[in-house]
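Only one structure is covered here, and it is reproduced in the block below.
Within every chain, numbering begins at 1; the chains are lettered A, B, ... in the order of the sequence lines, protein sequences first and strands thereafter.
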2 protein chains.
Amino acid sequence: MPNDVERADELADFLCFSVYEAGHAFNQLYRELLAELGLTYPQYLVMTLLWRRDDRSVKDLGLKLGLASNTLTPLLKRLESNGLIGRRRDPADERSVRIVLTKAGRDLKARAKIVPERVAEATGLTQAELAELAETLRRLRSTLSERAPG
Amino acid sequence: MPNDVERADELADFLCFSVYEAGHAFNQLYRELLAELGLTYPQYLVMTLLWRRDDRSVKDLGLKLGLASNTLTPLLKRLESNGLIGRRRDPADERSVRIVLTKAGRDLKARAKIVPERVAEATGLTQAELAELAETLRRLRSTLSERAPG
DNA sequence: TGCGATTCAATCGCGCGCGATTTAATTACC
DNA sequence: GGTAATTAAATCGCGCGCGATTGAATCGCA
């Protein structure tokens, strides 16, 4: 990619390539780290949420991850068939499906402990830089998704 | 997502969610902007490269985008069947396939001009901030992909 | 010249993302 | 209480990403 970016629209294209590539790079990194745990990146994100708090609805997971049931249902079925979670209808509201960790799912938390450590290390960034970048992206994402309130 | 991130490994998880979401947000934004052009985000990236310089090999496009033929070949066939590009074997090296813009593909460049403008606008960032963020992500991506030179 | 190694594109299989639709349960309101 | 509107998951279709493999063309080297 050329470095002679000058105008805002070229910068936007440059940023767009950068975000695209950074996403790929993170995906690749997580893929390698998660391979021995038998998890994909999105599956790891779901497990992370469940390790923080168990027994969530599909809806709740979807809100945290920005995903709907069309993505989550198949993903959760894979986690279920891998023995990491259980899925059952909420007796109090049969529309809702509650996701709970199995023992294997809870036990995986300890083995997954090294993942964020390795990621932090691989970025080569200081804690302060990590925090700043994450916050910048978080704000950028807010700005982008507030636009066009469709 | 909680804001009480303190240790580097929690920051890494926080960053990972942020990158994941920022990627989604960009995808979403581009999807809306590109819908009227009949392009997807990766297709737009390919077209952008071809608008900069026409007549590239699949290999070259792949190097620029970090994609291999398993992703590019079907994508390029879609662009071809939409009449935006042509694909032909390089007579000088029959292993290689050259991608060239059709008239419709070249004409689309003018209509696509507003895309990066809208994106720059939607980020709500100044030119300086755009440039800095893009450069940070570019460096992060370099660091991440240089690790483990597999 | 011949033959193994390399390179490039294509193909296969699987797991996301997501717009759109469907089905079932619950809520709101008359 | 009955019906319409809403809500939650599931399903369908398609387009990426990507590890792995295949097949054809080219290169390297004796």
Side-chain angles (χ1 to χ4, degrees), chain A residues 19-32 34-35 38-47 56-82 85 87-99 145 150, chain B residues 19-32 34-35 37-47 56-82 84-85 87-99 145 150:
Chain A
V19 171
Y20 185 75
E21 291 167 350
H24 283 183
F26 266 95
N27 245 304
Q28 177 68 26
L29 172 59
Y30 274 97
R31 182 174 304 114
E32 293 168 17
L34 294 173
L39 291 175
T40 67
Y41 186 23
Q43 288 170 8
Y44 169 76
L45 296 178
V46 167
M47 294 301 289
R56 293 170 181 266
S57 66
V58 174
K59 174 79 174 176
D60 177 51
L61 290 171
L63 285 175
K64 299 293 187 193
L65 295 173
L67 297 174
S69 62
N70 49 5
T71 299
L72 279 176
T73 297
L75 185 156
L76 293 170
K77 284 185 176 176
R78 274 171 228 122
L79 288 178
E80 183 184 35
S81 67
N82 290 344
I85 64 167
R87 298 161 64 247
R88 58 185 76 114
R89 292 277 164 185
D90 184 343
D93 185 344
E94 291 277 341
R95 289 173 304 182
S96 184
V97 169
R98 311 290 304 184
I99 307 300
S145 32
Chain B
V19 171
Y20 186 75
E21 291 166 350
H24 283 183
F26 266 95
N27 245 302
Q28 178 66 28
L29 171 60
Y30 274 98
R31 183 173 305 113
E32 291 168 20
L34 294 173
L37 302 182
L39 291 176
T40 67
Y41 186 22
Q43 287 169 8
Y44 169 76
L45 295 179
V46 167
M47 294 301 288
R56 294 172 181 265
S57 67
V58 174
K59 172 79 173 178
D60 177 51
L61 291 170
L63 284 175
K64 299 294 187 192
L65 296 172
L67 297 174
S69 62
N70 49 3
T71 299
L72 279 176
T73 298
L75 185 157
L76 293 169
K77 284 184 175 176
R78 274 171 229 121
L79 289 178
E80 182 184 36
S81 67
N82 291 343
L84 297 177
I85 64 168
R87 299 161 62 246
R88 60 185 75 115
R89 292 278 164 181
D90 185 342
D93 183 346
E94 291 278 340
R95 290 173 304 181
S96 183
V97 169
R98 310 291 303 182
I99 307 299
S145 33

Are any of [X]'s side-chain N or O atoms less than 4.0 Å away from OP1 or OP2 of [N]?
| X | N | value |
| --- | --- | --- |
| B:Y20 | C:dG17 | yes |
| B:S69 | C:dT11 | no |
| A:T40 | C:dC16 | yes |
| B:Q28 | C:dG17 | no |
| A:K59 | D:dA10 | no |

If you look at every strand shown and take non-hydrogen atoms under 4.0 Å, does [X] touch a base, only sugar-phosphate, or nothing?
| X | answer |
| --- | --- |
| B:L75 | sugar-phosphate |
| B:R87 | sugar-phosphate |
| B:G23 | nothing |
| B:G62 | nothing |
| B:T71 | base |
| A:R89 | sugar-phosphate |

May I have the distance from [X] (atom [atom1]) to [N] (atom [atom2]), rounded to whole angstrom?
| X | N | atom1 | atom2 | answer |
| --- | --- | --- | --- | --- |
| B:D90 | D:dA25 | CG | P | 14 Å |
| B:Y41 | C:dC16 | OH | C1' | 17 Å |
| B:F26 | C:dC18 | CZ | C1' | 19 Å |
| A:L76 | C:dG17 | CG | C1' | 14 Å |
| B:L39 | D:dG15 | CG | P | 13 Å |
| B:E21 | C:dC18 | CD | P | 12 Å |
| B:R78 | D:dG17 | CZ | P | 10 Å |
| A:R95 | C:dT23 | CZ | C1' | 13 Å |

Where is the tightest heavy-atom contact between B:P42 and B:L75, given as atom of each residue plus distance?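 Minimum heavy-atom separation between B:P42 and B:L75: CB-CD1, 3.7 Å.
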
Output yes when a side-chain donor or acceptor of B:T73 lies under 3.5 Å from a complementary backbone atom of B:N70, and no otherwise.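 No, the answer is negative, given that no donor and acceptor are paired below the 3.5 Å cut-off.
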
Is there a donor and acceptor pair, one atom on the side chain of B:T73 and one on the base of C:dA9, closer than 3.5 Å?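 Looking at the base of C:dA9, it does not pair with any donor or acceptor on the side chain of B:T73 (distance under 3.5 Å).
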
Is a donor-acceptor pair below 3.5 Å formed from side chain B:N70 to base D:dG19, judging by atom type as modelled?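 Indeed there is one.
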
Out of [options], whichever nucleotide has its closest atom nearest the side chain of [X]:
| X | options | result |
| --- | --- | --- |
| A:E94 | D:dA10, C:dA25, D:dA24 | C:dA25 |
| A:H24 | C:dA9, D:dC16, D:dC18 | D:dC18 |
| B:S57 | D:dG17, C:dA9, D:dT11 | C:dA9 |
| A:R31 | D:dA9, D:dC16, D:dG19 | D:dG19 |
| B:L67 | D:dC18, C:dG17, D:dA10 | D:dC18 |
| B:D93 | D:dT26, D:dA9, C:dC16 | D:dT26 |

Looking at residues at least two apart in the chain, or sitting in another chain, which of them share a ring pair (Phe, Tyr, Trp, His ring centres under 6.0 Å) with A:Y44?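 For A:Y44 the ring pair (Phe, Tyr, Trp, His ring centres under 6.0 Å) partners, ignoring immediate neighbours, are A:Y30.
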
Nearest 0.5 Å, what's the [atom1]-[atom2] distance between [X] and [Y]?
| X | Y | atom1 | atom2 | answer |
| --- | --- | --- | --- | --- |
| A:E32 | A:Q28 | CD | CD | 4.5 Å |
| A:Q43 | A:I85 | CD | CD1 | 9.0 Å |
| A:L63 | A:S57 | CG | OG | 7.5 Å |
| B:L79 | B:I99 | CG | CD1 | 8.5 Å |

